[in-house]
Asker: 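What follows is a single structure, and I will ask about it in a moment.
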Protein chains: 2
Amino acid sequence: MKVSDSELKLLEVLWQQSPLTVGQVIQRVQINAKWHENTIKTLLMRLTKKQAVKRHKDGRRYFYQANVEKDTLLSEETQGFLAKFFGGRVSPFIAHFNKTNKLSSDEIKELEAILAKMKQEND
Amino acid sequence: MKVSDSELKLLEVLWQQSPLTVGQVIQRVQINAKWHENTIKTLLMRLTKKQAVKRHKDGRRYFYQANVEKDTLLSEETQGFLAKFFGGRVSPFIAHFNKTNKLSSDEIKELEAILAKMKQEND
DNA sequence: ACTCAACAACTACACGTGTAAACTGCAAGC
DNA sequence: GCTTGCAGTTTACACGTGTAGTTGTTGAGT
């Protein structure tokens, strides 16, 4: 499921809470982005068309909800990103990240904790 | 510096070796991608226009070379990616990655090694 | 001198995306 | 009943991108 940057913002809203009407989506999106409501309607349309969002009728209006899971989309995007820039592997990514962005020692600790948990699960 | 997917492939070639003439670029790119040579020329043009590539004349032809460093571009893309999907932080990314993609124990070891090195450098 | 391959430069064209305006109901309030 | 506001739908339009075709130029080989 390929969604554009703007479309993603709408999905974020729908992942947080759903189903929502257009009006509710507009409200929530506009907290962070100053888009015209028609823009948001267009994006919702496009998402519906590409089946990233589904809707069901209630009287004369629809309730919208995400039709892709967040984790699914994150995985796809992550894979694409790693493939495109780091040969599909995660450790070159981390290595690069540290080279230029310098992780704080707190972040390093956090990563260590995550790794430790992974090792357990892997047993 | 924002470059498209296709343009990135050309940069990869130029990062490996440069300067190169159009013909040389075409040859190298075509090892991996079956693009028409005019496509490659167009992409080189666009890269030149957006100053991701620079060229210098030699007689009636040009030699091309990257004008962005690979590390710079990777950093930008990495930041963009993390911001877009993981609140700009790297550990949620790793956590997610493990949740769906399961790192092999070799990869976990590799990451541990990288972390260990980071800690040293951080001292 | 003529031809041809390689290069430069310009043009093309469809599709996705960002960003909306315009038009069409209808339901609720005045 | 007429107006207004919101939902839905359709249309618009510029810009980037993928993917080339066309035209003009020239150095090198015959």
Asker: Map A:Glu7 and A:Lys34 onto DNA chain C by nearest heavy atom, then report which one ends up closer to the 5' terminus.
Answerer: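 The 5'-side residue here is A:Glu7.
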
Asker: DNA chain C: A:Asp5 or A:His36, which has the more 5' nearest nucleotide?
Answerer: A:Asp5

Asker: Once you apply a heavy-atom cut-off of 4.0 Å, does B:Ser6 come out as touching a base, just sugar-phosphate, or nothing?
Answerer: sugar-phosphate

Asker: I need the residues from residues 14-30 of chain A with at least one non-hydrogen atom less than 4.0 Å from DNA chain D; give them sorted by number, or say none.
Answerer: A:Val22, A:Gly23

Asker: Could you tell me whether B:Ser4 contacts a base, only the sugar-phosphate backbone, or nothing, with contacts defined as non-hydrogen atoms closer than 4.0 Å?
Answerer: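 Sugar-phosphate contact only - B:Ser4 comes under 4.0 Å of backbone atoms but never of a base.
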
Asker: What is the distance, rounded to the nearest whole Å, between atom CD1 of A:Ile40 and atom C1' of D:dG8?
Answerer: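 Rounding to the nearest Å, CD1 of A:Ile40 and C1' of D:dG8 are 15 Å apart.
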
Asker: Rounded to whole angstrom units, what separation is found between the NZ atom of A:Lys41 and the P atom of D:dT10?
Answerer: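 Going from NZ in A:Lys41 over to P in D:dT10 covers 13 Å.
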
Asker: With side chains defined as the heavy atoms from C-beta onward, is the minimum distance between B:Asn98 and B:Lys102 less than 4.5 Å?
Answerer: yes

Asker: Can you give the donor-acceptor pairs under 3.5 Å from side chains of residues 58-65 of chain B to other protein atoms, not counting sequence neighbours?
Answerer:
from	atom 1	to	atom 2	distance (Å)
B:Tyr62	OH	B:Lys57	NZ	3.0
B:Tyr64	OH	B:Arg55	NH1	3.2

Asker: Sequence neighbours left out, what passes side chain to side chain donor-acceptor pair (under 3.5 Å) with B:Lys2? Give chain and number order.
Answerer: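 Once residues adjacent in sequence are excluded, B:Lys2 has no partner under the side chain to side chain donor-acceptor pair (under 3.5 Å) criterion.
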
Asker: Give me the bend of the helix from C:dA1-D:dT30 to C:dC30-D:dG1, using the axes of the five pairs at each end, rounded to 10°.
Answerer: 20°

Asker: Given atom CD of B:Glu37 and atom C1' of D:dG21, what is their separation to the nearest angstrom?
Answerer: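 B:Glu37 atom CD is separated from D:dG21 atom C1' by 11 Å.
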
Asker: Tell me the interatomic distance from B:Leu10, atom CG, to D:dT19, atom P, rounded to whole angstroms.
Answerer: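 Roughly 12 Å, once rounded to whole Å.
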
Asker: Any chance you could measure B:Leu44, atom CG, to B:Leu14, atom CG, to the nearest 0.5 Å?
Answerer: 6.5 Å

Asker: Please find the pair of heavy atoms, one from B:Ala66 and one from B:Leu11, that lie closest to each other, and give the distance.
Answerer: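 So the two residues come closest at CB-CD2, 4.1 Å.
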
Asker: So, taking the atom named CE in A:Met118 and the one named CG in A:Leu111, what distance separates them when rounded to the nearest 0.5 Å?
Answerer: 8.5 Å

Asker: For residues 7-27 of chain B, which residue pairs pass the salt bridge (charged side-chain N to carboxylate O under 4.0 Å, His left out) check, not counting sequence neighbours?
Answerer: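 Found B:Glu7-B:Lys50, B:Glu12-B:Lys70.
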
Asker: Confirm from the modelled atom types if B:Arg46 and D:dT19 form a donor-acceptor pair under 3.5 Å, side chain to base only.
Answerer: yes

Asker: Do the side chain of A:Asn67 and the main chain of A:Gln51 share a donor and acceptor less than 3.5 angstrom apart?
Answerer: yes

Asker: Report all interatomic pairs (protein N or O, nucleotide N or O of nucleotides 26-30 of chain D) with separations under 3.5 Å.
Answerer:
none

Asker: Is there a chain of hydrophobic side chains (I, L, V, M, F, W, Y, each step under 4.5 Å between heavy atoms) that links B:Met45 to B:Val22?
Answerer: no

Asker: Centroid separation under 6.0 Å, is that true for the rings of B:Phe81 and A:Phe85?
Answerer: no

Asker: Provide the full list of salt bridge (charged side-chain N to carboxylate O under 4.0 Å, His left out) pairs with a residue in residues 72-82 of chain A, sequence neighbours left out, each pair given once.
Answerer: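 Passing the test, one end in residues 72-82 of chain A: no pairs.
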
Asker: Output yes when a side-chain donor or acceptor of B:Gln16 lies under 3.5 Å from a complementary backbone atom of B:Val13, and no otherwise.
Answerer: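 Not a single qualifying donor-acceptor pair exists.
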
Asker: Name the first nucleotide and the last nucleotide along DNA chain C (5' to 3') that come under 4.0 Å of a heavy atom in chain B.
Answerer: C:dA6 to C:dA12

Asker: Scan B:Lys2 against the nucleic acid and name what it touches under 4.0 Å (heavy atoms): base, sugar-phosphate only, or nothing.
Answerer: nothing

Asker: Mind listing the side-chain donor-acceptor pairs of residues 25-35 of chain B below 3.5 Å, one per line with the distance, residues two or more places apart or on another chain?
Answerer:
from	atom 1	to	atom 2	distance (Å)
B:Arg28	NH1	B:Gln17	OE1	2.5
B:Gln30	NE2	B:Trp35	O	2.8

Asker: If you take any heavy atom closer than 4.0 Å to DNA chain D, which residues from residues 49-57 of chain A end up in contact?
Answerer: A:Arg55

Asker: Base, sugar-phosphate or nothing for A:Phe63? Non-hydrogen atoms, less than 4.0 Å.
Answerer: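 Answer is nothing: A:Phe63 stays at 4.0 Å or more from every strand.
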
Asker: Rounding to an integer number of Å, can you tell me how far A:Met45 CE sits from D:dC6 P?
Answerer: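 A:Met45 atom CE is separated from D:dC6 atom P by 18 Å.
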
Asker: Please identify each residue that fulfils salt bridge (Lys or Arg N to Asp or Glu O under 4.0 Å) with B:Lys117, with sequence neighbours left out.
Answerer: none

Asker: Mind checking ring pair (Phe, Tyr, Trp, His ring centres under 6.0 Å) for A:Phe97 and listing every partner two or more places apart, or none if nothing turns up?
Answerer: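 Here no residue qualifies.
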
Asker: Would you say A:Ile94 and B:Ile94 make side-chain contact, with heavy atoms under 4.5 Å?
Answerer: yes

Asker: Within the 4.5 Å heavy-atom criterion, are B:Asp71 and A:Lys99 side-chain neighbours or not?
Answerer: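 Yes, side chains in contact.
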
